[in-house]
Amino acid sequence: MIGLHHYLIVSAALFVIGLFGLLVRRNILMVLLSMELILNAANLSFVSFSSFRGELTGQAVVFFTMIVAAAEVTVGLAMVVLLYRKKRTTNTEDLRSMKW
Amino acid sequence: MVAHIILFAPLTAAVFITFFGLRRPKLSAGVALAGILLSLALSTFMFWSNAFEVRGGDAWIQAPGLLVQFGFLIDPLSLLMLLIVTGVGSCVFLYSISYMKGDTSYARYFASLSLFAFSMIGIVLSNNFLMLFVFWELVAVSSYLLIGFWFEKPSAADAGNKAFIVNRLADFGFLLGILYVWMLSGAAGTERTFNFAELARRLPEYLQNGTIAPAAMTIAALLVFCGVVGKSAQFPLYIWLPDAMEGPTPVSALIHAATMVAAGVYLMTRSFFLVSASPEALAVIANIGAITALLAGMLAVVQNDIKKILAYSTVSQLGYMVVALGLGSSTAAMYHLSTHAFFKALLFLGAGAMIHGLHTQDIWEMGGLFKKMPVTAATFLIGTAALCGIPPLSGFFSKDEILHLALEHNKLIFGVMLFTASLTAFYMTRALWIAVLGPDRAHGHKKNDHEHGNAHDAPFAMKLPLILLAILSMIGGFLGIPTFLSGEHAEPLNMTVAATSVGAAVFGIVFGTMLYSKKSLVHDPLKRSLGTFYQFVVKKYYLDEFFVWLAGLFQNALARVFFWFDTNVVIDRGVNGAASVTSSFGSLLRRAQTGVVQSYAMVFAIGIVAIVYFLLMRS
Amino acid sequence: MKVEMGLVALALSCLVLDLFLPKKKSGYILANVAMTGVALLFALLCFEWGQFGHAFGSSFVQDGLAICFKGILFIATFFVLFMAREYQAQLKRGQGEFILLILFALIGADFIASANDFLLFFVALETLSVSLYIMTAYLRDHESSIEAGVKYLILGALSTAVFLYGLSFVYGTTGSTNYLEIQQRLVSSSTLPASFIFGMILIIASLGFKVSAVPFHLWVPDVYQGAPTPVTAFLATASKTAGFAALVRLVLTVFSPAAEQLTLLFSVLAALTIIYGNLGAIPQTNIKRLLGYSSIGHAGYLLIGLAVPGLLGKEAILFYLLSYVFSTACAFLVLVALAGSIKSDAVSELTGLSKRSPALAAAMLVSLMSLAGVPPFGGFFAKFYILWSCMRSGMIWLVVIGLLNVVTSLYYYLKVVKVMYADEPAPGLPNLEVSHSQKAMQFFAIAGILVMGIFQGPFVQVAASALSSFLTTR
Amino acid sequence: LSSMLETSLFYAFSLGLVVFALGVVTARSAVYGVLSLVAAMCCLAGLFILLKAFFVATVLVLVYAGAILVLFLFVVMLVDFRSLSLDWPSFRTSPAIAVILSLLLFSQFFKVIRTIEPTGVKALDGTAEALGGLLFDKHVLPFELTSFLILAAVVSVVVLAKKDAE
Amino acid sequence: MSLGPVSILMLAPALGACLLLFVPKDRIKLIHAIGLIAASISFLLSIFVFWQYDRAAAGYQFVDRVEWVPSLGIAYHVGVDGISAVLLLMTGFLAFSGVLVSMSVKKRVKEYFIFYLFLISGCLGTFCALNIFFIYFFYETAVVPVFPLIGVWGSGEKKDYATMKLTLYLTLGAVLALVAILGLYFAAGVNTFDLPAIEQAVRANPLPLDFQRWAFPLLMVGFGVILTLWPFHTWSPMGYAAAPTSVSMLHAGVLKKLGAYAIIRLGLGLMPAGAAMWMPIVAWIAAINMLYCGLVAFTQKDLKYILGYSSCSHMGYILLGLACMTPLALNGTLFFMFAHGLMAALGFALVGFIYDQTHTRMLKDWGGFGKKVPFVSVLFIMTAMASAGLPGFGNFIGEMMILMGAWDKYRIQAVLAVLGLVVTAGYMLKTVRGTMQGPLNPSGNDLKDATGIQKLPYALLLAGLLAVGLLPSIILPTIETGTRPILERISHES
């Protein structure tokens with residue numbers, strides 16, 4: 001029988017995969033894509049809890065999460081475009097004029 | 001009240017001069033003289049009226065567990081000392097008026113001199129240890145100021161410093177002694193005190209009933225004696241006194257011959273209750289005195305500067321006084337102190353007159369003075385005779401008493417003292433022959449002929465003190481000083497001792513005359529005949545070098561080591577080390593700030609993992 | 001709610017106004033409008049004191065605590081709006097929108113202070129964050145600004161995701177997103193579920209990012225350095241205040257059942273943050289970066305207030321934040337005033353400032369000394385208050401760390417003071433003219449610093465009654 | 001749905017989700033990455049449907065397949081991503097650290113999840129109606145607030161990405 | 001609320017500084033006038049307070065009290081007891097003469113006076129505050145303005161390093177002390193920072209012994225740093241060398257005493273048992289202070305370094321006096337603090353006076369100035385003598401009382417202290433010899449002596465020094481009323 005734990009573990013896996021991508025990919029676009037994975041890991045978790053606890057708020061959160069994700073992606077992509085125009089790069093390792 | 005006036009008259013003069021007299025030399029001299037004369041007059045009045053008082057006085061420092069009085073102790077001892085101080089002081093003040101004429105700092109001179117008179121009178125009148133110490137330090141200051149009076153001259157400035165430091169070093173012991181005595185005074189649970197009268201009553205009693213150990217008394221006596229070693233120029237600290245001759249000659253006469261240096265002897269007499277209770281302390285004191293007398297006497301032989309000769313002679317005579325103390329007779333010491341004050345002041349003032357007239361201090365550039373300045377020469381001769389102990393001059397009596405004492409107690413010391421007496425006669429004869437009686441040697445190798453040639457007797461203001469002091473030197477032995485002090489009648493002269501001492505003096509005189517009466521003499525014949533030993537003495541037994549080395553040890557070695565430690569260990573290693581560790585830690589921390597955003601995210605994730613681990617997983 | 005409605009109305013009217021204003025002047029005028037509006041709303045806010053209660057099914061709460069935090073937010077935003085007004089020349093484009101974004105961010109922050117439900121809180125937080133991402137990258141001609149924007153965005157999004165994931169666990173454990181409901185359910189259950197603590201840790205990590213607590217702080221120096229100065233000021237003041245507003249409320253409600261773990265967690269975080277911020281600041285040569293590190297250090301002190309159990313620490317946080325806002329704003333006011341006449345943000349650009357403009361140098365001096373915690377400035381009592389409360393709870397080690405770092409912080413602040421006062425300016429540099437309005441604002445900030453430093457009593461009283469009203473409003 | 005079918009669907013969707021997610025993080029081209037993401041989102045939507053969250057599932061597909069996909073692709077076209085294969089970190093150890101870190105985190109997740117009581121059944125229907133009731137009643141405030149969020153995002157595009165007029 | 005004289009005397013300089021903010025910077029005369037008026041208000045009121053202090057009634061008098069932060073037990077509470085009255089008097093003297101000496105500052109006068117007046121207020125405030133919070137508050141307020149004062153108006157190549165070091169050291173000490181103070185608040189258990197209230201509470205039940213054991217050393221080291229407790233003394237000579245004259249005066253004269261004051265008030269007064277545990281160590285450190293710093297002073301070539309090390313060395317006597325915890329020593333310590341304040345200020349003022357003309361402070365560049373500047377040189381010699389503990393000056397009496405107080409308790413240290421006097425005399429005379437005596441150094445060719453009003457500050461300080469030296473009963477009974485309750489607690493807890 002598939003229970004809450006199964007869904008949660010899938011969500012955890014998704015989170016970890018997303019985090020891994022975020023940590024190792026140096027292209028901002030890929031970083032943003034990984035970010036979507038992490039956000040959706042949270043979504044899955046919310047929906048599973050909501051479903052198994054019989055409480056609808058969790059799904060409402062997911063709704064808001066998607067709005068937020070969309071907004072963040074918009075801003076992020078705008079920056080990518082801006083950055084590319086300015087520096088001709090989207091690699092985070094090139095973004096280290098400020099350090100220490 | 002009278003005592004107050006005696007004490008404060010010179011101080012008032014000093015303050016007055018400081019505020020109003022600095023640009024009015026004549027006024028300041030007058031005020032200063034008036035001050036000391038007032039003190040003299042009142043002292044004499046007190047002497048005549050036998051106004052002894054042992055008053056408690058007013059509280060000066062009052063705090064829980066401490067009472068320091070400002071009070072006077074007037075007894076024969078202090079009265080005698082007071083007369084000497086004000087009497088000799090008045091002579092010197094008078095003498096100075098013309099001696100110092102024309103000096104740019106005339107007023108400052110009199111202010112300092114008045115300050116000295118004030119401090120010296122303070123020592124004499126103090127009724128307790130701490131008050132005495134206060135004035136003790138003040139005389140040191142005024143002495144410092146007067147030795148370094150011509151402070152533009154490096155040698156004078158150095159001499160002042162040396163005098164002050166050496167005295168300070170001695171006062172290290174003295175102050176400890178005061179504290180120690182203060183502590184002993186409360187040994188039986190009573191309130192502690194500095195008061196002489198009270199101490200004199202209590203300490204023997206405590207010693208008797210075993211409240212304090214005999215050793216404690218010895219320690220106390222020796223610590224207090226430390227102060228005497230400094231101030232009264234005893235071995236090994238006498239080194240400052242000859243240098244102090246850099247000061248104006250009247251100052252040397254007053255401070256460094258008659259009064260201040262004698263203050264040590266006065267102090268020992270005042271606190272004789274300490275010493276008398278401890279045979280060990282007495283022995284130490286007597287031996288130190290004898291050594292001082294001998295060494296200084298030998299030093300005087302090789303000096304060419306007339307003031308240095310007199311200075312070493314002073315040291316030597318102070319040795320006599322200390323020997324007297326060490327042999328248990330404060331009366332004899334004070335007796336010799338009094339007579340010595342007269343004739344040594346006389347000699348110094350006489351020397352001053354010569355210097356004033358000849359503009360040189362080197363005895364080998366003097367000579368033929370009986371013709372040029374007869375009064376000076378004659379009084380100098382009287383002084384010399386008194387110093388040598390020729391009867392019936394004052395020096396004979398006082399010295400005889402000490403020799404007598406020595407003969408009774410310690411044969412070795414007697415021998416030394418006798419030899420010293422003969423040595424005294426020898427070097428004084430030497431000085432007399434070369435500087436006064438001998439031919440005028442200056443023409444041979446001195447440039448300022450015209451001044452020299454014009455040398456003449458001093459003005460009246462300088463002659464009068466000479467004459468007065470000469471009279472005192474002559475009759476000093478008949479004034480009944482020991483009787484006045486001890487209240488007992490003086491013992492009759494011991495003829496054996498008297499004869500021996502006169503014999504020794506005559507031997508010295510004859511030997512000196514044989515050596516130095518030759519007219520053609522240009523160099524000291526002793527130099528050749530004594531050879532290495534002569535050099536050793538000329539070098540002052542290398543005692544100064546020893547002290548320089550010692551001071552260097554502190555000042556250079558230890559202080560430098562500390563300074564090095566301060567700059568390299570405390571500051572560099574400690575402080576900067578801590579600072580640089582902190583800031584390098586800061587630099588290390590900012591290495592985490594690589595600039596790559598993922599490394600930030602990595603730290604973020606590590607943080608979460610770590611917190612979850614520590615908060616949730618560990619337990 | 002009146003204040004929020006007013007705020008929304010203000011933002012929207014500015015949005016509309018922006019359409020009709022000439023491009024070149026819109027920023028200036030909008031800033032003035034917004035400043036006036038914020039000032040009026042601040043007054044309105046003061047009148048709301050006492051009218052405490054809940055709204056929207058208790059997802060919105062208005063109590064003393066919320067009002068205090070809002071007050072601090074309004075003051076901070078007021079300063080930032082003024083800075084934005086003076087910063088027009090550097091912005092080059094989108095000046096009107098810049099003001100709008102500040103107001104949006106304020107709206108987000110304002111709702112954070114009042115949120116009593118995670119859902120509202122989340123949206124408000126994102127409103128604040130997204131506005132800030134944009135503003136950070138606002139200087140399109142400066143690579144550093146874009147770089148800062150990207151870094152902030154990526155890490156901010158990660159923190160959002162972590163927050164959400166943590167929230168899902170809290171929600172899953174308790175079945176609610178409402179603070180009070182969660183608290184009640186936890187209190188009624190006998191043991192504290194591990195999943196709740198796990199969720200709590202993730203949420204705290206995310207908020208720790210917002211308030212720049214070690215080890216979630218690494219974005220701070222870079223972003224502070226790269227962002228336009230008014231935005232840095234906003235990040236340092238309003239954004240941090242919002243973060244603490246959220247943390248304080250969460251610690252007092254949702255997380256209160258885990259008080260023991262919180263004390264341990266926050267005290268360690270506080271210690272690390274204080275040490276990191278202050279040591280990291282020592283080698284800095286860029287004034288904004290230096291202030292960034294210093295703000296990390298201050299976050300550490302504020303975290304002490306969270307570590308202290310009970311209400312006292314939170315009172316101290318309120319005091320500390322207000323004084324910190326005044327001091328930081330004062331420093332940034334000076335930087336903004338200088339923005340037109342210095343080439344970079346290097347500390348060395350301040351050389352001889354006291355000769356070139358005594359007023360600016362004095363303002364900077366007061367601000368830095370207050371930040372360092374020197375009496376008679378507000379920062380001193382703020383630190384004193386917070387450490388006092390820490391001592392009360394017996395954490396002497398934390399007090400010692402906090403105090404020792406006062407010395408460290410004094411060192412790097414004094415280095416700046418030295419540059420301004422002791423060093424001679426390069427020859428030929430003109431004296432700086434400071435406009436009256438700038439002087440007035442600096443004076444306002446300094447007055448705030450001094451009043452808080454000397455007459456601490458009323459502020460402490462307000463903080464205390466804010467906390468007590470929190471208890472009665474629930 | 002029978003439990004057998006549900007189980008197999010769950011594993012299928014989960015497997016797909018993980019695989020496509022891995023495809024996202026290891027994609028050699030941005031386009032592949034974006035497409036993998038959309039595929040992953042579809043699997044996720046499947047899981048949502050299994051959880052009876054129908055409305056959310058629908059929105060998810062709409063948002064990701066519709067809006068976000070287009071956005072990403074638009075940017076991919078705009079920006080030259082030819083050098084994408086070089087985007088691995090220059091510092092060689094960081095992927096290793098990332099792997100270890102991810103595994104550690106996963107194990108912690110796993111431990112925490114195991115403590116959760118698996119009570120309850122999927123009794124709830126996440127329909128649009130039910131959710132709408134919630135959003136417009138209890139959570140209307142955040143719902144309204146999102147308008148500012150979106151407004152801000154719009155502004156961002158205007159001020160950040162728009163080319164200067166000159 | 002009506003302000004009593006103590007409040008006015010403490011706030012006057014601060015208000016003067018605030019007033020100066022609004023004065024145009026080129027109105028030098030006006031600035032001087034405001035500074036002088038503010039300082040003279042403090043000075044005159046400090047004399048008034050001292051004079052009017054009722055010795056028979058003792059206790060805290062001229063008390064002003066306003067609730068400040070009631071929930072923390074902080075109240076604006078000022079007043080004087082015997083200790084404060086005397087130290088305020090000293091500060092009044094120094095503030096007034098310091099402002100007079102400050103008139104010679106030529107650059108950025110306005111800012112100088114603002115900082116300087118704040119510094120004065122901080123010092124005065126520390127001495128008269130009766131709330132521990134405010135003691136600390138004023139103490140820090142006094143410590144920090146020194147940074148710009150030295151940084152901007154100081155001299156010497158190490159100036160930056162010195163001023164940073166000074167400020168950091170003192171702040172480090174202060175925060176250590178603050179730990180103890182915060183602990184004290186909770187250990188006393190009366191929920192107030194009010195000093196009289198805590199004193200009363202402590203009288204009823206002494207602070208726990210464990211607390212005293214750890215809190216006292218923190219307090220001692222914390223406030224000891226400003227008292228140049230070895231080995232935390234190195235900031236001092238360097239700082240003084242870099243500081244402008246009037247700042248050195250106030251720093252050496254007053255600020256160092258703030259530390260001693262706080263140790264007496266908080267350390268001895270509230271934690272006597274803790275003090276008793278640690279004081280034997282302090283006594284040894286005191287001996288090190290005296291001899292070590294004294295000997296280091298020998299090697300110095302810069303006059304201000306000599307005075308700086310000398311002042312460190314003198315702090316040894318204060319430390320020794322504190323360590324004794326006996327009536328005689330404690331009274332002596334306070335007496336010595338008063339005297340040393342005036343003496344140190346005078347020394348720095350005189351050196352500064354000549355430095356302003358010669359622009360060198362190196363011993364080798366001085367010499368024979370006695371003829372050129374007789375007034376200054378006489379005062380300098382007197383200062384040196386006072387420093388060496390010559391009778392007639394206040395230092396002597398203080399030192400004697402400390403020595404006598406230490407004699408029974410720490411005899412070896414007392415003996416070393418006497419040796420310290422010899423060392424002091426040594427380097428002081430060396431200094432006088434090198435500066436005032438000997439042939440005139442060319443650098444002094446254009447020296448001009450102090451004239452007219454310039455003499456006033458020096459004369460004032462010297463007069464004070466001599467007055468207490470000759471008639472200790474001027475201040476001693478007042479000191480005693482202040483120390484009595486502290487001593488009672490000491491004997492009660494031992």
**Q.** Steps toward side chain to side chain contact (heavy atoms under 4.5 Å, CB included) verdict (C:Phe198, D:Thr115)
**A.** CA-CA 11 Å; C:Phe198 181 70; D:Thr115 65; over 6 Å; no
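- In this structure, chain D has no heavy atom under 4.5 Å from any part of C:Thr173.
- D:Pro142 pairs in a side-chain contact (heavy atoms from CB on, under 4.5 Å) with only one of the listed residues (C:Asp117, C:Leu120, C:Thr127), which is C:Leu120.
- Both the backbone and the side chain of C:Phe56 come within less than 4.5 Å of a heavy atom in chain D.
- From C:Ser58, atom OG reaches atom NZ of D:Lys138 across 7.5 Å, with rounding to the nearest 0.5 Å.
- With chain C as partner, the option from D:Leu160, D:Ile150, D:Val155 having the largest number of non-hydrogen pairs under 4.5 angstrom is D:Leu160.
- Here D:Phe109 and C:Tyr165 bring their ring centres to under 6.0 angstrom of each other.
- One finds the CD atom of D:Gln108 at 8.5 Å from the CD1 atom of C:Ile201 (value rounded to the nearest 0.5 Å).
- Minimum heavy-atom separation, C:Leu101 to D:Ala152: CD2-CB, 4.2 Å.
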Q: Test D:Phe148 against C:Val8 for side chain to side chain contact (heavy atoms under 4.5 Å, CB included), laying out the working first.
A: CA-CA 9 Å; D:Phe148 282 99; C:Val8 168; 3.6 Å; yes
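- Only the side chain of C:Ala11 comes within less than 4.5 Å of a heavy atom in chain D; its backbone stays farther off.
- Here the OG atom belonging to D:Ser147 is positioned 7.5 Å from the CG atom belonging to C:Leu12, to the nearest 0.5 angstrom.
- Ranking D:Leu149, D:Ile116, D:Ile113, D:Leu141 against chain C, the residue ahead of the rest is D:Leu141, based on heavy-atom pairs under 4.5 Å.
- C:Gly94 approaches D:Val159 most closely through the heavy-atom pair CA-CG1, 4.3 Å.
- At most 12 heavy atoms of other shown residues, nucleotides or ligands fall within 6.0 angstrom of atom NE2 in C:His142.
- With a 4.5 angstrom heavy-atom cutoff, C:Ser195 touches chain D via backbone and side-chain atoms both.
- In terms of heavy-atom pairs under 4.5 angstrom with chain D, the leader among C:Ile134, C:Ile146, C:Ile107 is C:Ile134.
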Q | Residues D:Leu151, C:Leu15; criterion side chain to side chain contact (heavy atoms under 4.5 Å, CB included); working and verdict | A | CA-CA 10 Å; D:Leu151 205 55; C:Leu15 181 66; 3.8 Å; yes
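- To the nearest 0.5 Å, atoms CG (D:Leu145) and CZ (C:Phe111) are separated by 5.5 Å.
- Only the side chain of C:Phe169 has a heavy atom closer than 4.5 Å to any heavy atom of chain D.
- The side-chain heavy atoms of C:Val123 and D:His139, taken from C-beta on, include no pair separated by under 4.5 Å.
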